[in-house]
Participant: 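Can you keep this structure in mind? I'll have questions shortly.
Counting begins at 1 with the first residue of the sequence. Below, all heavy atoms of this structure are taken into account, side chains as well, without hydrogens, waters or symmetry copies. None of these values were measured; they are calculated from a predicted model.
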Amino acid sequence: MIVCSGMFLKPALSQQVDFRVNNLENEVRSLQLRLQRLELMVSKNNQLSAAHNSQIPPNLKNYLSQQEKMLNNLATLVVELNQKVNKLTIRVNQRSKPDVK
């Protein structure tokens, strides 16, 4: 009886392994297709971006560059102002606390 059960287990295990291998191969193919689609999308976006950038007149590029610098400066000023307000808030809170003796 033990010999017979061993004979039945080997084909069943072999079929399970084959099934799992086939599933993994299908998943790999699916992932490869998704990767190819993503690479194609990135390639198209890069081409569109390059074509779009080449159509921008140089004076507009300079203007946009200046606007970007101004925006960066403004962002820096906002961060500095926020830090100063936080420091002042801390000082006001410390002074408004009653002296406990």
Side-chain angles (χ1 to χ4, degrees):
M1 186 131 149
I2 295 173
V3 175
C4 291
S5 65
M7 289 172 48
F8 291 120
L9 285 178
K10 286 184 182 180
L13 288 176
S14 177
Q15 288 175 351
Q16 285 179 346
V17 169
D18 287 344
F19 180 75
R20 289 181 180 173
V21 167
N22 286 336
N23 281 344
L24 289 173
E25 287 174 345
N26 287 335
E27 285 184 42
V28 167
R29 281 190 207 101
S30 174
L31 289 172
Q32 287 173 335
L33 287 172
R34 289 175 64 188
L35 179 61
Q36 288 173 350
R37 283 190 215 125
L38 289 172
E39 287 173 340
L40 184 61
M41 289 172 59
V42 168
S43 174
K44 284 182 180 180
N45 283 342
N46 287 341
Q47 289 172 356
L48 289 174
S49 177
H52 180 70
N53 285 340
S54 65
Q55 295 173 353
I56 297 175
N59 59 347
L60 183 58
K61 285 183 183 179
N62 290 337
Y63 175 76
L64 292 175
S65 175
Q66 291 172 352
Q67 293 296 314
E68 187 175 345
K69 287 178 186 176
M70 290 173 62
L71 184 62
N72 286 338
N73 289 341
L74 181 60
T76 302
L77 291 173
V78 167
V79 169
E80 290 174 356
L81 181 62
N82 190 22
Q83 289 173 346
K84 288 180 182 179
V85 167
N86 287 339
K87 287 179 184 177
L88 286 173
T89 302
I90 290 169
R91 287 176 62 190
V92 166
N93 286 338
Q94 287 173 346
R95 290 190 178 187
S96 65
K97 287 182 185 176
D99 291 331
V100 178
K101 292 185 181 181

Participant: Please lay out, stage by stage, how Leu40 and Gln36 fare under the test side-chain contact (heavy atoms from CB on, under 4.5 Å).
Facilitator: CA-CA 6 Å; Leu40 184 61; Gln36 288 173 350; over 6 Å; no
Participant: Within this structure, what is the CG-CG distance for the pair Leu88 and Asn93, rounded to the nearest 0.5 Å?
Facilitator: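 Leu88 CG to Asn93 CG: 11.0 Å, rounded to 0.5 Å.
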Participant: How would you list all residue pairs meeting side chain to side chain donor-acceptor pair (under 3.5 Å) that involve residues 74-88, not counting sequence neighbours?
Facilitator: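 Counting only pairs at least two positions apart or across chains, no side chain to side chain donor-acceptor pair (under 3.5 Å) contact touches residues 74-88.
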Participant: Quick one: side-chain contact (heavy atoms from CB on, under 4.5 Å) partners of Leu24, sequence neighbours excluded?
Facilitator: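 For Leu24, no residue satisfies side-chain contact (heavy atoms from CB on, under 4.5 Å) once neighbours in sequence are set aside.
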Participant: Testing the 3.5 Å rule here: is there a donor-acceptor pair between the side chains of Arg29 and Asn26?
Facilitator: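 Yes - a donor-acceptor pair under 3.5 Å links their side chains.
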Participant: Nearest 0.5 Å, please: how far is CG in Leu71 from NZ in Lys69?
Facilitator: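 Rounded to the nearest 0.5 Å, the NZ-CG separation comes to 13.5 Å.
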Participant: Hey, what do you get for CG (Asp18) to CD (Gln15), rounding to the nearest 0.5 Å?
Facilitator: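 Reported to 0.5 Å precision, the distance equals 7.5 Å.
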Participant: So Leu31 and Leu35, side-chain contact (heavy atoms from CB on, under 4.5 Å) or not? Walk me through it.
Facilitator: CA-CA 6 Å; Leu31 289 172; Leu35 179 61; over 6 Å; no
Participant: For Gln67, look at atom CD and say whether over 12 heavy atoms of other residues, nucleotides or ligands are found less than 6.0 Å away.
Facilitator: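 More than 12 within 6.0 Å, yes.
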